[in-house]
Amino acid sequence: QVLGLATSSLALHAPSQIAAAIEQRAGEAGYSLVMAMVRGSGPDACRQALQELRAQRVDGVLINAPLGSRDATALADAAGAWPLLFLDTDPAGTVPSVLFDPAEGARCGVSHLLQHGHRQIALLAGEAHSISAQLRLRGWRETLAAAGLEPVAVAHGDWSAAEGYRQTQRLLTAGTPFTAMLVANDQMALGVLRALHEAGRQIPQQVSVVGYDDTADSAFFYPPLTTVRQDFRLLGTQAVETLLAGMEGGMRSQVLPVTLVTRGTTG
Ligand code: IPT
């Protein structure tokens with residue numbers, strides 16, 4: 001039997017590590033995996049990928065591409081009895097999903113910085129259209145607001161290191177004082193670190209940086225990155241098992257925990 005994965009660009013570290021984990025768990029369960037790339041964003045791009053998987057007669061599909069609740073529901077309705085499991089949507093929605101808790105992830109990054117006494121915090125969010133980027137940003141803002149704070153700056157990037165670098169240069173050029181940055185993923189944080197180094201800002205003595213993902217390389221950044229860990233192995237396992245159970249009837253949504261990994265970029 002065959003499972004399908006419709007995925008965001010595998011040029012990004014998180015989706016490629018998620019795909020590897022899914023492929024491994026599917027293999028252990030005796031299934032092969034067929035992948036279709038979601039090119040661009042939004043429900044139409046996803047629909048196209050689903051059509052490609054349909055043509056290959058996959059028995060069930062995992063969708064790791066950002067979809068808001070309404071778009072996810074429309075896709076699930078159109079799929080009928082074909083089992084779909086969503087990996088990048090709003091946990092408050094009604095479609096079957098396996099997701100890391102975005103509110104919890106945002107909260108633990110902010111709390112860590114507050115514990116170290118930071119008050120001037122800049123935010124670098126992910127792609128504006130991404131539901132996960134929106135939910136992380138909302139979680140940051142809410143946790144800051146609960147402490148009586150507002151971010152000193154808010155920018156969006158496309159999840160890439162290049163964009164983390166550029167957005168940090170803009171922030172530095174603007175002259176806004178900040179002592180810490182919350183970054184929506186580790187790839188952008190890599191570019192952030194370089195821009196700060198080049199500007200002569202010491203990390204973490206002058207600026208602390210918290211990433212998000214804990215991809216395989218993040219412990220090897222300089223300094224090693226403090227980040228919110230999403231256990232992609234766990235996601236792969238839970239996603240495949242949930243989908244297989246759903247193919248027998250009855251899919252149970254799950255919210256997976258995240259943890260803060262403290263390394264050298266915060267203090
Ligand atoms: C999410 C990653 O955290 C982020 O780094 C980026 O790669 C994004 O995916 C791409 O869509 S993880 C996803 C399961 C919410």
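Note that ligands are numbered from 1 as they come in the structure, with each ligand's atoms numbered from 1 the same way. Everything quoted here is computed from the prediction, not taken from an experiment. Positions are given from 1 along the sequence.
No single ILVMFWY cluster, assembled from side-chain heavy atoms under 4.5 Å apart, contains both Val261 and Tyr212.
Relative ring orientation between His118 and His116 is described as tilted, the plane-to-plane angle lying within the 30° to 60° band.
Put simply, the side chain of Thr226 never gets that close to the backbone of Thr262: no donor and acceptor are under 3.5 Å apart.
By the criterion of a heavy-atom distance under 4.0 Å, the side chain of Gln230, and not its backbone, is placed next to ligand 1. With a heavy-atom cut-off of 4.0 Å, Asn64 touches ligand 1 through its side chain alone. By the criterion of a heavy-atom distance under 4.0 Å, neither the backbone nor the side chain of Met188 is placed next to ligand 1.
When each of Thr265, Val183, Leu260 is paired with Val210, the side chain to side chain contact (heavy atoms under 4.5 Å, CB included) condition holds for Leu260 and for no other.
Taking CG from Leu12 and CD from Gln187, the interatomic distance works out to 5.5 Å, rounded to the nearest 0.5 Å. The CZ atom of Arg201 lies 10.5 Å from the OG1 atom of Thr179; values are rounded to the nearest 0.5 Å. The CD atom of Gln167 sits 9.5 Å away from atom OG of Ser160, with the distance rounded to the nearest 0.5 Å.
Protein heavy atom at the shortest distance from atom 7 (O) of ligand 1 is Pro15 CD, 3.3 Å. If you check which protein heavy atom lies closest to atom 6 (C) of ligand 1, you get Trp159 CD2, 3.6 Å. Shortest contact from atom 11 (O) of ligand 1 to any protein heavy atom: Ser8 OG, 3.7 Å.
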### Task
Assess whether salt bridge (charged side-chain N to carboxylate O under 4.0 Å, His left out) is satisfied between Arg233 and Glu23, documenting all intermediate values.
CA-CA 10 Å; Arg233 269 287 157 82; Glu23 203 268 340; over 6 Å; no
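Listed by number with element, the atoms of ligand 1 under 4.0 angstrom from any heavy atom of Asp213 are 2 (C), 3 (O), 4 (C), 5 (O). Each of the atoms 14 (C) of ligand 1 lies under 4.0 Å from some heavy atom of Leu87.
For Arg136, the closest heavy-atom approach to ligand 1 falls below 4.0 Å. For the pair Tyr212 and ligand 1, no heavy-atom separation below 4.0 Å is found.
Note: no N/O pair closer than 3.5 Å links Ser132 and ligand 1 by distance alone.
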